[in-house]
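Reading through the structure tokens given below for one structure.
Nothing fancy with the numbering, it's 1 onward along the sequence.
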Amino acid sequence: LSGNITLVHGACKTGADMMAASFVHTFRAGAWSLEAYPAKWDLYGRSAGPRRNAEIANSHPNLLIAFEGRRGTSSAVAEAERVGIPVLKVPKNF
């Protein structure tokens with residue numbers, strides 16, 4: 001991958017979000033940047049995750065990489081599909 005790349009993630013402290021942030025911080029490959037969208041649990045309660053997923057989708061990233069079997073993944077996929085973002089699904093046992 002080359003050019004200006006922004007890796008967008010949901011700011012979860014575990015799983016793919018943490019790994020994405022760690023990758024960008026560790027390797028700082030080229031012009032990569034990081035954009036985090038933390039869920040506002042204190043403000044929205046249980047709807048914070050789906051609201052965050054909608055916010056990410058509405059920022060119109062070029063691709064969603066979804067790790068199946070994770071909490072909130074189906075909501076993120078639905079939001080991406082709603083706005084026409086291509087989805088790459090990584091199988092649960094990858």
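A donor-acceptor pair is defined here as one N or O able to donate and one able to accept, closer than 3.5 Å; such a pair exists between the side chain of S59 and the backbone of I56. Side-chain atoms of T73 never come within 3.5 Å of backbone atoms of E68 as a donor-acceptor pair (strictly under, hydrogens ignored). A side-chain donor-acceptor contact under 3.5 Å links R52 to the backbone of G10. Of the possible polar contacts, one joining the T26 side chain to the S22 backbone as a donor-acceptor pair under 3.5 Å is found.
Nearest heavy-atom pair, A36 versus A11, reported as atom, atom and distance to 0.1 Å: CB-CB, 4.0 Å. Between A57 and A80, the shortest heavy-atom contact is CB-N, 4.1 Å. When all heavy atoms of A66 and V87 are compared, the closest pair comes out as CB-CG1, 4.2 Å.
The cationic group of R51 lies under 6.0 Å from the six-membered ring centre of Y44 and within 45° of the ring axis, placing it in a cation-pi geometry.
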- For the pair E35 and L7, evaluate side-chain contact (heavy atoms from CB on, under 4.5 Å) and give the outcome as yes or no after the intermediate values. CA-CA 6 Å; E35 194 172 304; L7 199 150; over 6 Å; no
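A heavy-atom distance below 4.5 Å is found between the side chains of N58 and V83. At least one side-chain heavy atom of I85 sits under 4.5 Å from a side-chain heavy atom of P61.
Transitive grouping of hydrophobic side chains (ILVMFWY, heavy atoms separated by less than 4.5 Å) brings F67 and L88 into a common cluster.
Between E79 and R82, at least one side-chain N (NZ, or NE/NH1/NH2) sits under 4.0 Å from a carboxylate O, which counts as a salt bridge.
Under the rule for a side chain to side chain donor-acceptor pair (under 3.5 Å), the partners of S75 that lie at least two apart in sequence or sit in another chain are N53.
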